[in-house]
Amino acid sequence: AEYERTTSAVLLDPNVDSVIVIYTPAGMAGTDEIAAAIRHAVTGASGAGASEKPVLTCIISGRQPPPALSGLEPGAPDGVRPIPVFRFPE
C-alpha cells in the first residue's frame with residue numbers, strides 16, 4: 001500500500017518530472033505485490049493527467065521482471081504501457 005500511495009502522490013505532484021521507484025526485496029512484501037502496486041499507481045495517475053511522466057523501476061533481484069510492469073500480465077487492458085525494470089540502480 002505504501003508503494004502505491006507514494007508513487008501515486010509523486011506522479012501527481014506538478015513539481016515532479018519523472019519517477020524512479022527502487023525496491024529491494026526484504027521479506028515484508030513480495031516483488032509481485034510491489035510491482036502490482038506500482039502498476040496501479042501509474043494507471044491511476046495516468047487517468048488523472050500524469051500520463052506523460054516517465055516512470056522507471058529498479059527491482060534489485062535475480063528474478064525476471066514482474067509481469068505487472070511489462071504490461072503483459074493476464075487481464076491487462078489494451079494500451080497499457082510497459083514500465084522499464086532495471087536490476088541495478090547504476
Side-chain angles (χ1 to χ4, degrees):
E2 286 183 45
Y3 270 81
E4 184 173 352
R5 187 173 39 246
T6 303
T7 303
S8 212
V10 171
L11 281 168
L12 295 172
D13 186 326
N15 297 307
V16 173
D17 295 324
S18 61
V19 177
I20 300 173
V21 182
I22 299 176
Y23 174 66
T24 303
M28 298 281 234
T31 301
D32 291 334
E33 293 173 76
I34 297 299
I38 295 167
R39 165 61 64 202
H40 290 174
V42 170
T43 301
S46 292
S51 62
E52 299 300 317
K53 293 183 182 181
V55 178
L56 305 174
T57 61
C58 175
I59 297 180
I60 302 171
S61 168
R63 296 178 43 200
Q64 293 293 329
L69 298 178
S70 69
L72 301 174
E73 73 272 34
D78 291 337
V80 172
R81 67 177 174 148
I83 300 171
V85 180
F86 298 90
R87 291 182 189 230
F88 301 101
E90 296 87 15

Do the non-hydrogen side-chain atoms of V85 and S70 ever get within less than 4.5 Å of each other? no
Measuring from atom [atom1] of [X] to atom [atom2] of [Y], what distance do you get when rounded to the nearest 0.5 angstrom?
X: C58; Y: R87; atom1: SG; atom2: CZ; answer: 10.5 Å
X: T31; Y: Y23; atom1: OG1; atom2: OH; answer: 5.0 Å
X: I34; Y: T57; atom1: CD1; atom2: OG1; answer: 11.5 Å
X: I20; Y: T7; atom1: CD1; atom2: OG1; answer: 12.0 Å
X: T6; Y: I38; atom1: OG1; atom2: CD1; answer: 10.5 Å
X: Q64; Y: L69; atom1: CD; atom2: CG; answer: 13.0 Å

Where is the tightest heavy-atom contact between R39 and A68, given as atom of each residue plus distance? NE-O, 2.9 Å
Show the nearest heavy-atom pair for residues L56 and P84, with the distance to one decimal.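 Closest approach of L56 to P84, heavy atoms only: CD2-CG, 3.7 Å.
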Are V21 and V16 linked, directly or through other ILVMFWY residues, by side chains that come within less than 4.5 angstrom of each other?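 V21 clusters together with V16.
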Within one Ile-Leu-Val-Met-Phe-Trp-Tyr cluster: I22 and Y3, side-chain cutoff 4.5 Å: no
Is the backbone of V55 close enough, under 3.5 Å, to the side chain of S18 for a donor and an acceptor to pair up by distance?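 Here the side-chain-to-backbone pair does not exist.
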Examine distances only and state if a side-chain atom of K53 and a backbone atom of V19 form a donor-acceptor pair shorter than 3.5 Å.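 Side chain of K53 to backbone of V19, a donor-acceptor pair under 3.5 Å: no, none is there.
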Are there over 12 heavy-atom neighbours, none belonging to I60, within less than 6.0 Å of that residue's CD1? yes
